[in-house]
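The structure under discussion appears below in the form of structure tokens.
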There are 2 protein chains.
Amino acid sequence: MDGFVSIVREKAEGKGGYEGVVAYLREQLLSGELKTGDCLLPERELSARLGVSRQVLREALRALAMIGAVEIRHGVGTIVSRPDVSTLGEFFTFALAQQSEVIDDIMEARIAIEHHAIRLACRRAGQADFDRLAERLYDIVETIRDPEAGGHADFRFHEALVQAGGSPTLISLYSSIASLMMRSHLDRREQIIQVEGIREFLIDHHRKIFEAIVARDAGVADELLTRHFEIGADFRRRAGFRSAAANLRNSAAETNIIQGEQNADRDR
Amino acid sequence: MDGFVSIVREKAEGKGGYEGVVAYLREQLLSGELKTGDCLLPERELSARLGVSRQVLREALRALAMIGAVEIRHGVGTIVSRPDVSTLGEFFTFALAQQSEVIDDIMEARIAIEHHAIRLACRRAGQADFDRLAERLYDIVETIRDPEAGGHADFRFHEALVQAGGSPTLISLYSSIASLMMRSHLDRREQIIQVEGIREFLIDHHRKIFEAIVARDAGVADELLTRHFEIGADFRRRAGFRSAAANLRNSAAETNIIQGEQNADRDR
DNA sequence: ATGATACCAGTGGTCATACCACGGTTAGAT
DNA sequence: ATCTAACCGTGGTATGACCACTGGTATCAT
């Protein structure tokens, strides 16, 4: 009945289009008129009430769904939900991905998270966490000769470690940066796994870490993890001598010979 | 019939609808094929290329724009951008409106980052880092009686600490996370600052941390930071109660003899 | 030649309509 | 009473048209 009037009024208030819809929904969410679990009006009705097309409303809903403010369920409706830290993971994934020049530096974030998580784990971890860690440890042993599956099992163990810390934020951050590292680290493992004695080290060291967590000895666990990363980095460096094409190009910009190879590569 | 076949084919290729578009763009962004500043194809062309309608593509772009992965500019195009902190503010607003225990957990991420950063700082920090830390320390002393400016100075000191670690990833993560916590911590500081002796503690403790970094003593620095957060959390919990004063004296006393007592810490 | 102005092509922004796909409900068959 | 199938309301997608903004270009007056 007041469709025309409301449109004019909303325009006058600067609430036109997409921005207006987002502003309106934000207002509803923040003021508490829409609580978690509430169901929004159907898209068709809501779009009509706001005086915008259904498409624009949908764009706004998708945007809000991306940050976890609402959940859109096909065939059911749009439900107000509480943003959790997993949406932060999405954010950091994109944020870090654009810092391409320092992809290796992301390892520092991983170390930081794991170190704190293992401390927390020694305090908080429960039986379920121990079981999961034991299972992942078993997977490491089983896949020790397969570069790809082994690398995956390795990651899964550390993931379980962070999980045992019980901090949703750390878990979310870790999984997001882990996906970034997998790209560059998984392929190196094929070389790493060739190094003499590496398999025994991997199995033994992961087992020691596991035992330290079970013993709830934060000091030992922390120390083990420190060495774990140091040795891991060392192995990666050593293995790098075989196929260090990428590393060479980075550090040898002053060499004409290398420069020539680069050009040849690029021209081809 | 043909319609059915084409639908099946697209599904089989994993490029179905909205989710498929987001997945495609995510892949492009994370793999580095799309770098910051790049301009996406026009909506009409890109939607045609992906085999979806323009509306669906727009929903995906709006969603990515919400988390800051891209920037949509009317009359110009869609540009790849790097998510910044302001994006997180948006998320945080919604998260806070529904439930607030998320904040406390984010503190775990901050602790993790600072701990690793201070270790790195003890190895990597240069004169510029020392200078910056000294400057921020001076600011803490200067603003010790102003809750707002004091809280800001506190944050800036810790920021300089992480900066001294020299890891761009840690710096990026930290600045995002820290700004999130500022909201909830600043207001509490007004109470905290009232506690008897808190000012001396803040100045003294930050100074000790600074000295540990200059001395490049990672062990002491790490231990100091652990105490710093424990005491800080303790004060925040007891912000309303004046009984925290006594606890302060104990904690402050411990910090003075920490070097001779590193092993007798928190084994319950 | 120079500056300001008007124009135009390309881009995102919005709208309307039609139809498809999924989930929960309900009426029917067994 | 139970299971099955049709149904309805919801979100999901497609198409085509048109509007609004931006940036560059051509034109004009100085």
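Proteins get letters first, then strands, A, B, ... in listed order; numbering begins at 1 in each.
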Open item on the list: Using 0.5 Å steps for rounding, measure from the CG atom of Leu137(A) to the CZ atom of Phe157(A).
Closed with: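 One gets 5.5 Å once the value is rounded to the nearest 0.5 Å.
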Open item on the list: Could you measure the distance from the CG atom of Leu170(B) to the CG atom of Leu161(B)? Nearest 0.5 Å is fine.
Closed with: 11.0 Å
TODO: Look at Thr78(A) and dG11(D) and indicate whether a side-chain polar atom (N or O) is within less than 4.0 Å of OP1 or OP2.
DONE: yes
Task: DNA chain C contacts made by residues 53-71 of chain B, counting heavy atoms under 4.0 Å - done: Arg54(B), Arg58(B), Arg62(B)
Given atom [atom1] of [X] and atom [atom2] of [N], what is their separation to the nearest angstrom?
{"X": "Arg44(B)", "N": "dT11(C)", "atom1": "CZ", "atom2": "P", "result": "8 Å"}
{"X": "Glu43(A)", "N": "dC20(C)", "atom1": "CD", "atom2": "P", "result": "18 Å"}
{"X": "Glu45(A)", "N": "dG11(D)", "atom1": "CD", "atom2": "P", "result": "10 Å"}
{"X": "Glu19(A)", "N": "dG12(C)", "atom1": "CD", "atom2": "P", "result": "16 Å"}

Task: Sole candidate of Arg54(B), Gln55(B), Glu59(B) that passes side chain to side chain contact (heavy atoms under 4.5 Å, CB included) when paired with Gln55(A) - done: Gln55(B)
Short heteroatom pairs, N/O only, protein and nucleotides 20-24 of chain D, under 3.5 Å:
residue, atom, partner, partner atom, Å
dA20(D), N3, His74(B), NE2, 3.0

Open item on the list: Quick check: do Phe94(A) and Arg26(B) have side-chain heavy atoms less than 4.5 Å from each other?
Closed with: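 Yes. Closest side-chain heavy atoms under 4.5 Å.
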Task: Side chain proximity check, Thr169(A) to Ile177(B), heavy atoms < 4.5 angstrom - done: no
Task: Pair His158(A) + His206(A): ring centers closer than 6.0 Å - done: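 Between His206(A) and His158(A), which both carry aromatic rings, the centre distance is below 6.0 Å.
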- [ ] Answer yes when Glu108(B) and Arg124(A) have at least one side-chain N-carboxylate O distance shorter than 4.0 Å, and no when they do not.
- [x] yes
Open item on the list: Any side-chain to backbone donor/acceptor pair from Asp139(B) onto Ala153(B)? Under 3.5 Å, distance only.
Closed with: no
